[in-house]
Amino acid sequence: MVTNGKSWEKRLGGGVDKLAVDFVESLSYDVRLYKYDIMGSVAHSRMLAECGLITEDESGQIEKGLREIEAEIARGEFEFNKLHEDIHMAIEAALIERIGEAGKKLHTGRSRNDQVATDMRLWMRDEIDTLRGKITDLQKAFVTLAQKYTADMMPAYTHLQRAQPIVIGAYLLSFVEMLERDFCRLGDLRARVNVSPLGCGAVAGSTLGLDREMTAKELGFDGVMANSMDGMSDRDFCAEFTFVCSMVSIHLSRLAEDMIIYSTTEFDFVHIDDAYCTSSSMMPQKRNPDMLELMRGKTGSVAGSLMAMVVMLKGQPSTYNRDMQEDKLHIFNAADVVSACVDMSRAIVSNMEFKVKGIAKRLEGGFLDATCLAEYLVKKGVPFREAHGVVGGLVAECEESGRSLGEVTLEEFTIACEAIGADVYENLGAGNVVRQYASAGAGGTEQVVEQIGDWKGRLSKR
Ligand code: ARG
């Protein structure tokens, strides 16, 4: 049995099993909340003084003591003791040891429950801002790369089968769009995160007249959570955060998968810089895209955090249960993994090249112009379903004779469909197709140049 000097030892009759000490602690990971814990405690003590629950002098001593502890932790000199369970107890115990009587008053009208909820919200607010900045940097890297490729083409794929030709910039900008939704999701979440649970107490608030608006304002929250039972135990924001992180991670994983495929000898579309490849310990010729594979692999861990979060919440009775202590493991993991993956993606995208010559050489394979030909027939008055059938027949014939659609003679075309005229050839071949794109957001130069202009304007304002 170990005794820990906690105030509740009077209630619990002595020490706890050593196994329990190790099992219950969160200090090993919630230590990273220390800055936020001190921020919350300073605001709380100022409010206690303002409300006449402690004196100005006591509040001054508390603040001074907390600042000293903060500096000590930052310098790595603070002595942590896991008997204190978590960062909240560790800091409070150190404060009492340092300043005595006044320190014992800090926890007035407060519970660790609202403390941990407050700390996590403050941490997440900063994390969201950092992550949004990193996402913006990655978007900018994509736009810069897209600017290089507004004319060079590549095939667009569906089902990983050649579909229609696009300019490479169109492909790159598709990721800017995905990341923009992630950026906005984080912004939406920030508004829900930025409300104060402080003052909700253990569950039902306090009989002391606490000024919750004051602490909320002091901590930069937009308002206070209206219901104490909900306020101290809401973890929706943790589930949402792990979901948004999963979404970012999934987007990057799909990018990684594309790049892995595109960098094979079979595709040979992109060159990933040597700085982001490794070799084989046995096969001397190898350039393996390990960073990309790890990005794809790490997505499992982020999605795992989301799963852990929602399953952890689902069976709990109302308000706080110790199950919730584990929430931090999941939000920290999701944040750390995603932040590293966004940085890595930015580095890779900023240093990659498309092998445009090789792509162009093989661009006429796979009938990328078939849809454009069908739409040409529509412009000549042929109903689309009929046009689809005509082109399907022509493609089958070409496949037999080993030709592209551009190699079909006008005579053969008119036999297949009399609506076809000599102008058909302006619709065949990847270059012609890309020039024909006319709908907003299509994969042509015109649309891509417009999107690049739009993105540059939007991203420069961030
Ligand atoms: N370390 C705990 C956590 O992270 C703090 C809250 C403990 N509250 C309690 N009622 N035991 O959730």
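Basis for what follows: all heavy atoms, side chains included, without hydrogens, waters or symmetry-related copies. Counting starts at 1 for both ligands and their atoms, following the listed order. Computed from a predicted structure; not experimentally measured.
Applying the salt bridge (Lys or Arg N to Asp or Glu O under 4.0 Å) rule to Asp327 yields the partners Arg235; only residues at least two apart in sequence or on another chain are considered. In this structure Arg181 satisfies the salt bridge (Lys or Arg N to Asp or Glu O under 4.0 Å) test with no other residue, sequence neighbours excluded.
With respect to Lys82 and Asp22, a salt bridge is recorded, a charged nitrogen being found less than 4.0 Å from a carboxylate O.
Geometrically, Arg121 engages Phe237 in a cation-pi contact defined by less than 6.0 Å to the ring centre and at most 45° from the axis.
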For ligand 1, output the ligand-protein N/O contacts shorter than 3.5 angstrom; if there are none, return none.
residue  : atom   : partner : partner atom : Å
ligand 1 : 1 (N)  : Ser26   : OG           : 3.2
ligand 1 : 1 (N)  : Asp86   : OD2          : 2.8
ligand 1 : 1 (N)  : Gln325  : OE1          : 2.8
ligand 1 : 4 (O)  : Lys328  : NZ           : 2.6
ligand 1 : 8 (N)  : Asn113  : OD1          : 2.9
ligand 1 : 10 (N) : Asn113  : OD1          : 3.1
ligand 1 : 11 (N) : Arg322  : NH1          : 3.3
ligand 1 : 12 (O) : Tyr320  : OH           : 2.5

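Under the 30°/60° scheme for interplanar angles, the aromatic rings of Tyr149 and Phe354 are found to stand perpendicular.
Applying the side chain to side chain donor-acceptor pair (under 3.5 Å) test to residues at least two apart or on different chains, the pairs with a partner in residues 245-257 are Asp182-His251, Ser249-Thr299, Glu257-Arg296.
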